Amino acid sequence: MTQNSRGPELEDRLSTYYRFQSKIYDATRWSFLFGRRTLLRELPFARIETFKILEVGCGTGANLCRLADRYKNASIHGIDLSRDMLTIARKKTAKHESRVQLFRGHYGQVPLEYPYDLIIFSYCLTMVNPGWEGLIDVAMSDLKGGGILGVVDFHNTPVATFERHMAGHHVRMDGHLSPYLQEVIPQGRSTILPAYGGVWNYFQFVGKKPG
Ligand SMILES: C[S@@+](CC[C@H](N)C(=O)[O-])C[C@H]1O[C@@H](n2cnc3c(N)ncnc32)[C@H](O)[C@@H]1O
């Protein structure tokens, strides 16, 4: 685990943003956070496998529940810096509480039980500005050799008004993540897909840390 010095500012900004957004998050985000289920289906793990997962920026716990349902023997950790998002995640994952553990804080600054076999970022990294590279670097050091990094997030948009709208929601959409991930894990696979006929593109990345 390495330190990321930009924690407090980001934490204040996103915690404030999610104070209200957490209340409408699950009711609204299904209509534009595409690719989350597909990413989980593409992970190279057997359903019965015993392994350790971390989701960074787990939010309200949608992926944590899907992971817990899919991988019955996995131990699953989620970290998020918003108390409001975690309150919802805690309720949603209560039925899996023996296997799902939640941590609050800025990834890279909270002690976690690394190493992990799988680390997921789902619509988290485009919100970490500045500092997204640091989070990927921390994940690479928190992963076991041979462990899997899975990412799904916005890629870019040709629509300037939409880009400005998303910037107002703290999201940066200029195709910056996929090339960096590909540099960090050259054998990883990045897939870029259109949303709503190309109003924006999102991407999925699955890569194996060299063992
Ligand atoms: C758009 S939500 C995504 C939630 C969930 N992963 C999903 O796919 O629905 C982004 C989440 O990342 C969290 N987050 C952003 N930066 C973070 C950081 N540095 N450490 C921990 N959580 C972070 C935010 O608080 C927010 O809950």
Side-chain angles (χ1 to χ4, degrees), residues 1-41 43 53-68 70 76-93 100-112 114 116 118-142 149-155 165-173 177 195 200 202-205:
M1 184 178 72
T2 54
Q3 293 291 309
N4 188 330
S5 60
R6 290 178 172 132
E9 192 192 306
L10 180 83
E11 187 165 339
D12 287 351
R13 188 157 32 88
L14 292 187
S15 293
T16 304
Y17 174 73
Y18 280 115
R19 204 156 292 147
F20 169 71
Q21 291 291 329
S22 60
K23 298 179 188 3
I24 58 165
Y25 190 87
D26 288 331
T28 54
R29 271 26 179 216
W30 63 269
S31 61
F32 58 97
L33 300 189
F34 298 128
R36 292 182 293 175
R37 287 172 192 274
T38 328
L39 176 75
L40 302 194
R41 282 199 293 271
L43 298 170
I53 304 173
L54 172 68
E55 184 182 1
V56 181
C58 62
T60 59
N63 291 321
L64 300 179
C65 291
R66 287 175 196 138
L67 287 163
R70 188 176 178 87
I76 301 166
H77 294 174
I79 179 169
D80 203 287
L81 43 74
S82 159
R83 285 181 205 283
D84 298 288
M85 295 293 260
L86 282 178
T87 299
I88 297 170
R90 196 158 288 115
K91 284 186 196 139
K92 279 168 54 179
T93 57
V100 176
Q101 209 177 324
L102 301 176
F103 299 82
R104 201 202 69 76
H106 181 62
Y107 182 49
Q109 297 187 345
V110 174
L112 295 172
Y114 56 88
Y116 291 94
L118 165 65
I119 298 183
I120 291 175
F121 291 94
S122 164
Y123 287 96
C124 171
L125 289 167
T126 47
M127 298 192 87
V128 183
N129 304 304
W132 53 272
E133 304 98 320
L135 260 56
I136 295 171
D137 295 346
V138 176
M140 287 303 288
S141 83
D142 285 355
L149 182 65
V151 181
V152 57
D153 215 320
F154 296 109
H155 183 60
H165 169 76
M166 293 306 283
H169 288 268
H170 308 283
V171 175
R172 177 179 166 198
M173 289 190 78
L177 296 176
W200 71 86
Y202 64 97
F203 79 97
Q204 294 164 334
F205 176 88

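Since the model is a prediction, treat every value here as computed from it, not as a measurement. Atoms within each ligand, like the ligands themselves, are counted from 1 in listed order. The figures here come from the full heavy-atom set of this structure, side chains too, leaving out hydrogens, waters and symmetry mates.
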> How close does the nearest protein non-hydrogen atom get to atom 14 (N) of ligand 1, and which residue and atom is it?
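Going atom by atom, the protein heavy atom closest to atom 14 (N) of ligand 1 ends up being C124 SG, 3.9 Å.
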> Pick one of side chain, backbone, both or neither for how C58 approaches ligand 1, counting any non-hydrogen atom pair under 4.0 Å.
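Contact part for C58 vs ligand 1: backbone (N, CA, C, O).
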> Return the residue, atom name and 0.1 Å-rounded distance of the protein heavy atom closest to atom 10 (C) of ligand 1.
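Going by distance alone, atom 10 (C) of ligand 1 is nearest to Y123 O, 3.4 Å.
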> Nearest to atom 21 (C) of ligand 1, what protein heavy atom do you find, and at what distance?
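That would be G105 O, 3.3 Å.
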> May I ask which of L135, L125, L14, D26 has a heavy atom nearer to atom 15 (C) of ligand 1 than the others do?
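The residue whose heavy atom sits nearest atom 15 (C) of ligand 1 is L14.
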> Taking atom 2 (S) of ligand 1 as the point of reference, which of Y18, F121, Y107, Y17 owns the nearest heavy atom?
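Nearest heavy atom to atom 2 (S) of ligand 1 lies in Y18.
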> Heavy atoms only, cut-off 4.0 Å: how does S122 contact ligand 1, side chain, backbone, both, or neither?
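Both of them.
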> Quickly, which of W132, Y123, F34 forms a ring-ring contact (aromatic ring centres under 6.0 Å, His included) with F154? Name it, please.
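Looking at W132, Y123, F34, the match for F154 under the ring-ring contact (aromatic ring centres under 6.0 Å, His included) is Y123.
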> Quickly, which of L64, I76, L43 forms a side chain to side chain contact (heavy atoms under 4.5 Å, CB included) with I120? Name it, please.
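So the option named by the test is L43.
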> Which protein heavy atom lies closest to atom 3 (C) of ligand 1, and at what distance to 0.1 Å?
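Of the protein heavy atoms, Y25 OH, 3.1 Å lies nearest.
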> Give the atoms of ligand 1, by number and element, whose distance to some non-hydrogen atom of V128 is under 4.0 Å.
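It comes down to these atoms of ligand 1: 16 (N).
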> If the cut-off is 4.0 Å to any non-hydrogen atom of E55, which atoms of ligand 1 fall inside it?
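Answer, ordered by atom number: 5 (C), 6 (N).
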> Which residue, Y114, F121, Y107, forms the side chain to side chain contact (heavy atoms under 4.5 Å, CB included) with L54?
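Only one option passes, and that is Y107.
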> Would you indicate which of L33, V171, L81, D153 comes nearest to atom 17 (C) of ligand 1 when only heavy atoms are counted?
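Residue with the shortest heavy-atom distance to the ligand atom: L81.
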> Which residue holds the protein heavy atom closest to atom 9 (O) of ligand 1, what is that atom called, and what is the gap in Å?
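That would be R36 NH1, 2.6 Å.
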> Checking S141 side chain against V138 main chain: does a donor-acceptor pair fall under 3.5 Å?
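It does hold such a pair.
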> If you measure from each non-hydrogen atom of R29 to ligand 1, which part falls under 4.0 Å: side chain, backbone, both or neither?
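For R29, no heavy atom sits under 4.0 Å from ligand 1.
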> Which is it for L10 and ligand 1 at heavy atoms under 4.0 Å: side chain, backbone, both or neither?
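Side chain only.
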> Give the residue and atom name of whichever protein heavy atom lies nearest to atom 24 (C) of ligand 1, and the separation in Å to one decimal.
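Answer, as residue, atom name and distance: D80 OD1, 3.5 Å.
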> Would Q204 and R36 count as a side-chain hydrogen bond (donor to acceptor under 3.5 Å, both in side chains) if you check the C-alpha gap in whole Å, the side-chain angles of each, and the deciding distance to 0.1 Å?
CA-CA 9 Å; Q204 294 164 334; R36 292 182 293 175; over 6 Å; no
> Write out the residue and atom name of the closest protein heavy atom to atom 5 (C) of ligand 1, then the distance separating them to 0.1 Å.
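Of every protein heavy atom, G57 O, 3.4 Å lies nearest to atom 5 (C) of ligand 1.
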> Is the backbone of T126 close enough, under 3.5 Å, to the side chain of D153 for a donor and an acceptor to pair up by distance?
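Yes; judged by distance alone, with no hydrogens or angles, the pair exists.
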> In the protein, which heavy atom is nearest to atom 19 (N) of ligand 1, and how far is it?
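Nearest protein contact, heavy atoms only, for atom 19 (N) of ligand 1 is H106 ND1, 2.8 Å.
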